[in-house]
Amino acid sequence: MVQMLRERGIKKSDLSREDFLKYAWEWKEKYGGIILDQLKKLGASCDWDRTRFTMEPKLSEAVIDVFIDLYKKGLIYRGLRMVNWDPLGKTALSDEEVIHKEVQSKLYYIKYKMADSSKDFVTIATTRPETILADVAICVNPNDERFKSIVGKKVLVPFLNREIPVIADDYVAMDFGTGCLKVTPAHDVNDYALGQKYNLPVIDILDESGFLNAAAEDARYIGKDRFAVRKQIVIDLEEAGHILKIEEYKNQVGTSERTGAVIEPRLSLQWWIDMKKFMEKNPQVLESVMNDEIKFHPAKMKNTYRHWLENIKDWCISRQLWWGQRIPAWYDENNQLVAVAKTEEEAQQIAQSKNSQQPEASSQRPLRLHQDEDVLDTWFSSWLWPISVFDGFENPENKDIKHFYPTNDLVTAPEIMFFWVARMIMAGYEYRGEKPFSNVYYTGIVRDKQRRKMSKSLGNSPDPLDLIKQFGADGVRMGMLICSPAGNDILYDDSQVEQGRNFANKIWNAFRLVKGWEVKPDAGFAKEILDANVLSANWFAGRLSQALLDIEDKYKDYRLSEALMSIYKLIWDDFCAWYLEMIKPVYGEPMNESTYQTTLGFFEELMKLLHPFMPFITEEIWQNMAERKAGESICIANYPIPSKAISPDLSRVFETIQQIRNLRNAKGLSPKEVFEISIKANDKGLYLPYSFLIQKLANVSAIHFVDAQPAGSTLLPVDTDEVFVVLNLQIDEAAEREKMEKEIAYLEGFMKSVNAKLTNEKFVANAKPELVEKERQKKADASAKIDVLRKSLGV
RNA sequence: GGAGGCAUAGCUCAGCUGGUUCAGAGCAUCUGCCUUACAAGCAGAGGGUCCGCGGUUCGAACCCGUGUGCCUCCA
C-alpha cells in the first residue's frame with residue numbers, strides 16, 4: 001500500500017484521512033483480488049458468492065458494536081501502559097505482532113560519578129547507552145555486599161549531572177554485568193515496574209519516531225535518531241572518560257512484524273481488553289481445547305495453547321493508523337473521555353445524562369465532542385469472523401448462522417494460533433456461548449531447503465501461478481500435500497511438485513489405455529481370458545474396498561498426506577501396475593465388454609477418491625468417461641463407499657511373478673525370453689486358477705505341477721511352496737548355495753528368538769494368548785521354510 | 001533465563017495399547033530394459049548404532065531418568 005502510493009508520488013503525510021482510505025480500498029481491491037485469483041487457479045472450491053471483507057459496512061458495524069458491548073461489560077479499558085511501539089509505523093503493536101530476533105550487539109560499561117565524591121564512581125552495563133539521558137535511578141541487589149555502602153546515596157548521570165538515587169531491589173541479578181542496573185522507566189518494561197514500585201519519575205526522551213526530544217536535555221542529541229545517538233554518545237562518553245570497557249554481546253531485540261523496525265517500549269495511552277477478567281468469564285476457551293471438544297491437529301499444539309492462555313496478558317487493541325475500524329470513543333475539548341458510543345449523538349446523550357445526575361449541572365448545552373483518532377487492531381475484527389460473516393451479531397437467529405455455526409474444521413497456520421484461533425474461540429463463547437468450530441487443522445509452513453521461511457524479502461518463494469504453469473495445479477497440490485503431515489513444516493523442493501505432475505501424467509496415460517481399447521461382446525472371447533478377467537476384477541474390487549476403509553480411517557485422524565499416499569499407491573501400484581496389466585489384451589486384440597465396463601467403474605471410483613486432491617484432471621477424466629448431462633460434475637457425484645468384496649488371496653501368485661522377474665533381472669535375461677516353470681505346491685488351488693495370469697505377467701510359456709525338483713532347475717521359494725525354473729545357461733551354483741545358506745541362517749536366527757520367547761515361562765504366562773499363538777505360528781512357518789531350503793541344498 | 005516440541009534410511013516422514021512376517025513408506029540413489037498407455041516410464045536392488053548413556057521389563061524405536069543437538073514460543 002505504502003509502495004503503491006510511493007509509485008504514484010503521493011506522500012502519506014499529504015493525504016487526509018478520507019483520501020488515504022480511498023487509496024486503501026483501491027489497494028485492497030487489487031491485492032485481495034490477486035489472492036482470491038490464486039486460490040481459484042489452485043482449484044479451491046470455496047463458496048465464492050459469500051466472499052466477505054472485514055472492512056465492509058456490515059462487518060465493521062459488528063466490530064464497533066462488540067467494542068461498545070465489551071466496554072459496557074467492563075472488559076475494555078483505556079490505560080497508560082508500556083506498549084510495543086513501532087517508530088516507523090508510528091503505532092502500538094500487540095505482543096503477538098512483535099518478532100524477537102537475536103542480534104550481535106555490544107554491552108557498554110559506563111561509569112557514573114558519586115555525587116558526594118569527586119573520585120568514587122559506580123559502573124553499570126547497558127546495551128542502550130543513549131537511554132542514560134532518561135535514567136532516574138541506579139538499582140542494586142540488597143544482598144550484594146559490594147554495594148551495600150552506596151545504597152541511599154546519589155550518583156550523577158553523565159553529561160547531565162542529574163542526581164539520581166541508588167536503590168536496592170532483588171530484581172537485579174548480581175551476576176549479570178556489574179550488578180548495578182540503571183533504571184529508565186520510560187524505555188524499558190521492567191524498569192517501568194521498578195519505577196512504579198519506588199515512585200520514581202518518568203523521563204521520556206523519545207518521540208513517536210524514535211528521535212530524541214527536549215527531555216533528553218543535552219542539545220548535542222536532541223532531534224536525532226536513537227541509533228545515531230547511540231553511536232555518538234559512545235564516542236562522547238569515551239572522550240569524557242566514562243567508558244570502562246565494551247564487550248560483544250548477543251541479545252534479543254523485538255522487531256515489528258509490519259515494518260521490521262526495532263520496537264521501542266513506550267508509555268502510551270491505549271485501549272486494552274482485560275484478558276484475566278475475560279478468561280474468568282469464559283473458562284471454556286481453555287477447557288474446550290483441553291478436553292478435545294475442539295480438537296487440535298496435531299494434538300501436541302494443545303500444550304502451546306494452554307501455556308499461552310495461562311500466562312495471558314491484556315490485549316492492546318488500539319492502533320495509531322487510519323486503515324481499520326475507528327474506535328467509537330468520544331472526548332471533550334479537554335481530551336477527557338466522555339462516552340463510548342456508536343454515534344456522536346449517542347455520545348451527546350450519554351454526556352447529558354451524566355451531567356443531569358449532577359444537581360449543580362448548570363448547562364444543557366451540547367458539548368463539542370471529537371472521536372478517537374485511533375483504529376482497532378485488525379485481529380479485533382478477525383476474531384469475530386465466524387459470527388460476523390453470517391451476520392450473527394445483528395441477526396443472531398438467522399438461518400445461515402444456525403446452519404453454519406459451529407463449523408467443522410478450521411484450517412490455518414500454527415503461527416496464527418494466538419492471533420486468531422484462540423481469539424475466535426474467545427469471541428465464540430462470549431457471543432454465542434458455543435465453540436466456533438470442532439477441529440483446527442494446523443498446516444505446515446512452507447520453507448525452502450535451508451529451512452528458511454519463504455518470504456518476499458528473501459525472494460525464496462516461487463510464484464504459485466508460475467508453478468502451476470510448470471507443473472499444473474493438480475501437480476502442485478498433490479506435490480505439496482503428499483509431504484505435509486499436519487503441523488510439520490514443508491520443505492519446498494521442485495522434486496515434490498514433479499512427483500505430482502508425474503502422477504497426473506500416469507493417470508492420463510492409464511485413461512488413454514482404457515479408452516483406446518476396442519470393445520466387443522463377451523461371447524466372442526476364450527473362456528480362460530474371461531475367467532482370468534473376472535478373477536482380476538474380483539481381486540481389485542477387494543483391494544479397492546479395503547483401501548476405502550483405510551483411507552476413511554486416515555481422514556478421521558486428519559492424516560491428509562497419508563490418505564493421499566494410500567490413494568497414490570492404490571492407483572499407481574494396484575490399479576496401473578497390477579490390475580491393468582492383468583486384464584490388458586495382447587496388442588491389437590479387443591477387450592471384452594463386461595471387463596471394460598467393470599474397469600471403467602473402478603476408474604470412476606478412483607477419480608472420485610482422488611478428486612479432493614487433484615480436482616482438475618479427475619473432473620476432466622470423469623467427464624470423458626461417459627455421456628454426462630449438463631450440470632453433472634464429479635464435485636457433486638457420490639463419494640465411493642466400500643463394498644463387501646473380499647480379494648481372493650493372490651499373494652503367492654504375485655510372489656511367484658516377482659520371483660521370476662527378479663530371476664530374470666539377476667541373470668541378466670531379457671523379459672522377452674520365455675521359459676517354463678514347475679511348481680511344487682502344498683495347495684495347487686492357490687495357483688491353478690491363475691495360471692493364465694502367471695503366464696501373462698511373468699512371460700512363462702507353461703506351468704507344471706510337480707512333486708519333486710526337476711533336474712537342473714533353479715529353486716525360487718514362494719512362501720512354503722517351491723517354484724522351479726530350468727534355465728538354458730550356466731548356473732553359478734556356489735552363489736546359489738551361498739544365497740540359500742544366508743537365508744537359512746537368517747531364518748534360524750529368527751527361530752531362535754521366537755523359541756527364546758516360547759520357552760520363557762514368564763512370556764507364556766504374561767503375554768496375551770493370541771500373542772503366544774502368533775509366536776507358535778511364526779515358529780512353524782519358519783521351520784517349514786528352512787526345510788524347503790535345506791532339501792534343495794541336499795542337506 | 002523460562003516453557004513446550006522434536007531426534008527412525010541420503011531427504012521428508014509413518015510406526016496405535018511395549019511383543020522380530022516391525023524396523024516401514026514416498027522421494028532420491030544404483031542395476032537392467034526405448035517390452036505398442038506411460039523413459040514424466042517399466043522391472044528389480046541396495047541402504048538404518050531407531051541421537052549417546054543408564055534404568056524398568058521375560059521383552060524397549062516405543063515407558064522412566066540423564067546427557068547432547070535442533071526447532072518454536074515467551075521474558
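All chains are named by letter (A, B, ...) in the order of the sequence lines, taking the proteins before the strands, and each is independently numbered beginning at 1.
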Item to check | Touch class at under 4.0 angstrom, heavy-atom based, for Gln496(A) against every strand present | outcome: nothing
Checklist outcome for this item: With the side chain defined as heavy atoms from C-beta on, Asn303(A) is closest, among A40(B), G5(B), C27(B), to G5(B)
Item to check | Span that lies between the C1' atom of C42(B) and that of A37(B), in whole angstrom | outcome: 12 Å
Checklist entry - Can you tell me how far P of C27(B) sits from NZ of Lys506(A), to the nearest Å? => result 12 Å
Item to check | Interatomic distance at C1', G69(B) relative to U31(B), whole Å | outcome: 37 Å
Checklist entry - Within less than 4.0 Å of OP1 or OP2 of A45(B), is there a side-chain N or O belonging to Asn662(A)? => result yes
Item to check | Between G1(B) (P) and Asn190(A) (CG): distance, integer Å | outcome: 16 Å
Item to check | Residue Leu513(A), side-chain heavy atoms: nucleotide from G26(B), C73(B), A37(B) that is nearest | outcome: A37(B)
Item to check | Interatomic distance at P, G41(B) relative to G46(B), whole Å | outcome: 22 Å
Item to check | Proximity to the side chain of His307(A) - top-ranked nucleotide from G2(B), G26(B), G44(B) | outcome: G2(B)
Checklist entry - What does Lys569(A) touch in the nucleic acid at a heavy-atom separation under 4.0 angstrom: a base, only the sugar-phosphate, or nothing? => result sugar-phosphate
Item to check | Distance between P atoms of A23(B) and C27(B) (Å, rounded) | outcome: 23 Å
Checklist entry - Starting at CD1 of Ile571(A) and ending at P of A40(B), how long is that distance when rounded to a whole Å? => result 21 Å
Checklist entry - Should U56(B) form a Watson-Crick or G-U wobble pair with both distances under 3.5 Å, which nucleotide is its partner? => result none
Checklist entry - Taking the same atom, P, in A75(B) and in C30(B), what whole-Å distance lies between them? => result 50 Å
Item to check | Donor-acceptor pair (no angle test) under 3.5 Å: Glu498(A) side chain, A28(B) base | outcome: no
Checklist entry - How close or far is atom C1' of A28(B) from atom CD1 of Ile482(A), stated in whole angstroms? => result 15 Å
Checklist entry - Going by an N to O cut-off under 4.0 Å, is there a salt bridge joining Arg81(A) and Asp314(A)? => result yes
Checklist entry - Quick one: Glu581(A) CD to C42(B) P, roughly how many Å, whole number? => result 9 Å
Item to check | Nearest-Å distance for atom pair CZ/C1', residues Arg512(A) and G41(B) | outcome: 12 Å
Item to check | Options C27(B), C6(B), C38(B), nucleotide nearest the side-chain atoms of Asn509(A) | outcome: C38(B)
Next on the checklist: Side chain of Lys313(A) only, heavy atoms from C-beta on: which candidate in C74(B), A37(B), G32(B) is closest?
Outcome noted: C74(B)
Item to check | side-chain hydrogen bond (donor to acceptor under 3.5 Å, both in side chains) between Asp169(A) and Asn141(A), worked out | outcome: CA-CA 5 Å; Asp169(A) 190 284; Asn141(A) 192 297; over 6 Å; no
Item to check | Rounded distance in Å between the C1' positions of G54(B) and C71(B) | outcome: 27 Å
Checklist entry - Paired with A9(B): which nucleotide, if any, by Watson-Crick or G-U wobble criteria at under 3.5 Å for both distances? => result none
Checklist outcome for this item: When both distances are under 3.5 Å in a Watson-Crick or G-U wobble arrangement, the nucleotide paired with A3(B) is U72(B)
Next on the checklist: Counting only Watson-Crick pairs (N1-N3 plus N6-O4 or O6-N4) and G-U wobbles (N1-O2, O6-N3), all under 3.5 Å, who is the partner of U36(B)?
Outcome noted: none
Checklist entry - Taking atom P of G4(B) as reference, at what distance in whole Å does atom CZ of Arg306(A) sit? => result 8 Å
Checklist entry - With Arg306(A), which residues qualify under side-chain contact (heavy atoms from CB on, under 4.5 Å), at least two apart? => result Leu286(A), Met290(A), Asn303(A), Glu310(A)
Next on the checklist: Less than 4.0 angstrom from a charged side-chain N to a carboxylate O is my criterion; do Glu581(A) and Lys584(A) meet it?
Outcome noted: yes
Item to check | Selection from C38(B), A37(B), G41(B) that lies nearest to any side-chain heavy atom of Tyr587(A) | outcome: A37(B)
Checklist entry - Considering heavy-atom distances to RNA chain B, does Phe418(A) or Ala577(A) have its closest nucleotide positioned more toward the 5' end? => result Ala577(A)
Next on the checklist: Counting only side-chain nitrogens and oxygens, does Tyr568(A) get under 4.0 Å of the OP1 or OP2 atom of C27(B)?
Outcome noted: yes
Item to check | Salt bridge present between Glu552(A) and Lys554(A) (N-O < 4.0 angstrom) | outcome: no
Item to check | Base partner of U20(B), which must satisfy Watson-Crick or wobble distances under 3.5 Å | outcome: none
Checklist entry - Quick one: is G44(B) close enough that its OP1 or OP2 comes under 4.0 Å of any side-chain N or O from Arg661(A)? => result yes
Next on the checklist: Rounding to an integer number of angstrom, what distance separates U56(B) and C62(B) when you compare their P atoms?
Outcome noted: 15 Å
Checklist entry - Considering only G44(B), A14(B), A37(B), which nucleotide approaches the side chain of Glu562(A) most closely? => result A14(B)
Item to check | Complementary nucleotide for U29(B) - Watson-Crick or wobble, under 3.5 Å | outcome: A45(B)
Checklist entry - For Ala510(A) and Gln499(A), take the nucleotide of RNA chain B holding the closest heavy atom to each; which residue's nucleotide lies nearer the 5' end? => result Gln499(A)
Checklist entry - Taking the C1' atom of each, how far is U12(B) from U29(B), in whole Å? => result 16 Å
Next on the checklist: Closest approach to the side chain of Trp572(A), judged atom by atom: which nucleotide of G15(B), U31(B), G41(B) is it?
Outcome noted: G41(B)
Checklist entry - Side chains of Phe675(A) and Arg664(A): closer than 4.5 Å at any heavy-atom pair? => result yes
Item to check | Minimum-distance nucleotide to Arg559(A) side chain [options: A43(B), A14(B), G26(B)] | outcome: A14(B)
Checklist entry - With a cut-off of 6.0 Å (strictly less than), are more than 12 heavy atoms of other residues, nucleotides or ligands near NZ of Lys520(A)? => result no
Item to check | Spacing of Trp508(A) atom CH2 relative to G41(B) atom C1', expressed in whole Å | outcome: 18 Å
Next on the checklist: I'd like to know if Asp683(A) pairs up with Arg652(A) as an ion pair, taking the criterion as any Lys NZ or Arg NE/NH1/NH2 lying under 4.0 Å from an Asp or Glu carboxylate oxygen.
Outcome noted: no
Item to check | Selection from A75(B), A45(B), C6(B) that lies nearest to any side-chain heavy atom of Lys300(A) | outcome: C6(B)
